[in-house]
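Data first, discussion second: the structure below is written as structure tokens.
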Amino acid sequence: MTEVKSPEVAAPAAQVPDELTPGPARWHGLRPYAPLVALVVAAIVPYSTLTLPGVFDGPLNSPGTLQLLAICLVFGGLAAGYDLLFGRTGMLSFGHALYFAAGVYGTDILITKFGLPLWQAALFTVVGGTILAALLGAVALRTVGIAFAMVTLAFAQVGAILVARNFGGWTGGEEGLPLDVSGLPPALVGVANTVNLYWLALAYLALVVFVVHRVSGSPTGRVLAGLRDDERRIGVLGLDPYRFKLVAFTLAGGLASGAGVVYCLIVGGASPHVTSSELTLSLLVMVVLGGPGTRWGPVLGGILYMYLDHRLTAFGTSDAVNSLPAFLSHPLSQPLFVLGTVFILAVYFFPGGLASLRTRLHPLLSALPGRR
């Protein structure tokens with residue numbers, strides 16, 4: 001009989017284990033250094049003359065651009081501190097602007113009215129804001145849920161009324177209180193020194209991220225996460241939920257007062273809008289937009305929100321918007337309308353905020369050529 005040979009079929013290529021494949025996996029080893037790289041890049045921004053038309057009005061090292069970036073960095077840190085309450089502990093506070101306002105007005109009053117040097121004014125303001133948060137938190141945390149939110153809102157409204165009525169002749173009332181720059185170090189005065197204020201804002205943001213990250217990774221942070229998920233279980237374990245929530249509330253208030261110190265130096269004074277409840281609602285939007293309970297989400301949300309808040313004001317008065325029909329130009333000229341629309345779309349399409357963007361886009365990126 002004639003032997004029939006089957007046609008030869010090429011053997012499939014050997015599969016290399018994922019852990020041995022170069023490419024995306026190798027970047028995992030570099031991820032711990034990403035924050036340091038981002039910090040270095042942000043620190044050298046003032047040395048760049050790069051111009052981004054439509055994004056900023058001037059080059060990156062221009063005073064106007066650096067001031068806008070400094071404000072964005074401050075609110076990125078402020079949102080990260082607020083996330084310590086909302087995203088990581090599950091406490092919805094409507095009065096967080098009070099401690100930010102305490103930092104702004106405290107610094108301004110101590111320098112302008114009492115003539116203290118900056119370092120003393122900043123120290124007394126941060127300590128005073130922390131003590132204020134501890135005292136008010138000790139009262140507010142006797143309640144939970146909506147009652148807690150309403151009590152914090154009531155405290156904030158008291159602060160707003162005192163500022164608006166020029167309590168003791170210290171706050172300047174509705175006109176605000178300009179900062180007496182004669183009591184400041186020369187390195188922080190003048191348009192030419194805006195770069196130093198930018199670096200100060202960057203240092204504040206780095207400090208807040210470091211503190212929040214350390215707290216979240218500590219045993220206290222794990223208890224706070226347990227309080228967010230199931231407070232009764234923490235009590236069953238023999239831990240006192242009230243004490244841990246008070247620690248988070250006090251720490252967040254102290255970080256907010258520190259933001260007020262830096263913000264006062266950047267804008268050169270204090271104004272009543274920092275005491276409004278709308279500011280706390282803006283912080284809530286920043287955290288939700290970025291992703292509550294994540295490491296970088298609130299920071300990105302705070303930076304993006306403040307950037308849009310400032311740039312949309314100029315966009316609303318531009319010739320491009322004014323040339324549109326009335327039914328389009330009128331809503332587009334209102335920054336809050338545009339911000340609200342962006343927020344609704346972001347929540348609808350990315351419920352986890354900006355922090356979940358990479359996870360949601362991973363299937364799409366994996367389908368691209370060269371990523372398989």
Side-chain angles (χ1 to χ4, degrees), residues 77-106 125-163 208 211-260 274-288 292-294 298 302:
L78 185 60
Y82 181 73
D83 184 61
L84 188 63
L85 287 179
F86 177 68
R88 299 181 184 273
T89 313
M91 294 188 291
L92 178 60
S93 171
F94 283 157
H96 201 65
L98 175 63
Y99 313 107
F100 177 68
V104 176
Y105 274 96
T125 297
V126 173
V127 173
T130 304
I131 294 175
L132 178 64
L135 295 176
L136 299 185
V139 176
L141 289 171
R142 297 296 179 181
T143 60
V144 294
I146 298 299
F148 169 77
M150 293 298 101
V151 171
T152 56
L153 177 61
F155 285 140
Q157 289 300 106
V158 171
I161 293 173
L162 292 177
V163 168
V208 172
V211 171
V212 172
H213 177 64
R214 293 288 293 180
V215 171
S216 302
S218 66
T220 299
R222 289 189 283 272
V223 174
L224 296 180
L227 290 172
R228 176 192 59 198
D229 299 333
D230 191 347
E231 182 175 336
R232 290 179 296 179
R233 181 176 297 179
I234 298 298
V236 170
L237 294 176
L239 301 175
D240 187 0
Y242 175 82
R243 292 184 179 181
F244 284 94
K245 290 194 292 185
L246 182 59
V247 168
F249 194 94
T250 303
L251 180 58
L255 295 176
S257 62
V274 300
T275 65
S276 64
S277 57
E278 287 81 1
L279 180 59
T280 300
L281 294 178
S282 298
L283 292 177
L284 179 60
V285 172
M286 295 175 192
V287 172
V288 175
T294 58

Checklist entry - Should the pair Phe86 and Tyr82 be assigned to parallel (<30°), tilted (30 to 60°) or perpendicular (>60°) ring geometry? => result parallel
Item to check | Reported OG1-to-CG distance for the pair Thr220 and Leu251, which is rounded to 0.5 angstrom | outcome: 10.0 Å
Checklist entry - Of all heavy-atom pairs between Pro298 and Ala79, which one has the smallest distance, and what is that distance? => result O-CB, 3.4 Å
Item to check | Thr152 and Phe249, any side-chain heavy atoms less than 4.5 Å apart | outcome: yes
Next on the checklist: Counting C-beta onward and ignoring hydrogens, is there a side-chain heavy-atom pair between Leu84 and Val211 closer than 4.5 Å?
Outcome noted: no
Checklist outcome for this item: Value for CZ (Arg228) from CG (Leu85), rounded to nearest 0.5 Å, stands at 13.0 Å
Checklist entry - What's the spacing between Ser276 OG and Leu98 CG if we round to 0.5 Å? => result 11.5 Å
Checklist entry - How long is the gap from CG on Leu255 to OG1 on Thr250, to the nearest 0.5 Å? => result 11.0 Å
Next on the checklist: Any non-hydrogen side-chain atom of Tyr105 less than 4.5 Å from a side-chain atom of Thr275?
Outcome noted: yes
Checklist entry - Can you tell me how far OG of Ser216 sits from CG of Leu224, rounded to the nearest 0.5 angstrom? => result 7.5 Å
Using residues 138-149 as the side-chain source, report each donor-acceptor pair under 3.5 Å to any protein atom, sequence neighbours left out, with the distance given to one decimal.
residue, atom, partner, partner atom, Å
Thr143, OG1, Ala140, O, 2.7
Thr143, OG1, Phe148, N, 3.3

Checklist entry - Which atoms form the tightest heavy-atom contact between Gly302 and Met286, and what is the distance? => result CA-SD, 3.6 Å
Item to check | For Ala101 against Val274, the heavy-atom pair lying closest together | outcome: CB-O, 3.6 Å
Checklist entry - Distance-only, no hydrogens or angles: does the Thr280 side chain make a donor-acceptor pair with backbone N or O of Ala97 under 3.5 Å? => result yes
Next on the checklist: Working note: Leu281 + Phe94, criterion side chain to side chain contact (heavy atoms under 4.5 Å, CB included); need CA distance, chi angles, decisive distance, verdict.
Outcome noted: CA-CA 7 Å; Leu281 294 178; Phe94 283 157; 4.1 Å; yes
Checklist entry - Which atom pair, heavy atoms only, marks the closest approach of Thr125 to Gly106? => result OG1-C, 3.4 Å
Item to check | Heavy-atom pair with the smallest gap, counting every atom of His96 and Ala256 | outcome: NE2-CB, 3.6 Å
Item to check | Heavy-atom pair with the smallest gap, counting every atom of Gly253 and Ala133 | outcome: CA-CB, 3.8 Å
Item to check | Pair listing, salt bridge (charged side-chain N to carboxylate O under 4.0 Å, His left out) test, anchored in residues 92-104, at least two apart | outcome: none
Checklist entry - At what distance, to the nearest 0.5 angstrom, does CZ of Arg222 lie from CD1 of Ile234? => result 11.5 Å
Item to check | Pairs flagged by salt bridge (charged side-chain N to carboxylate O under 4.0 Å, His left out) wherever residues 78-97 is involved - sequence neighbours left out | outcome: Asp83-Arg88
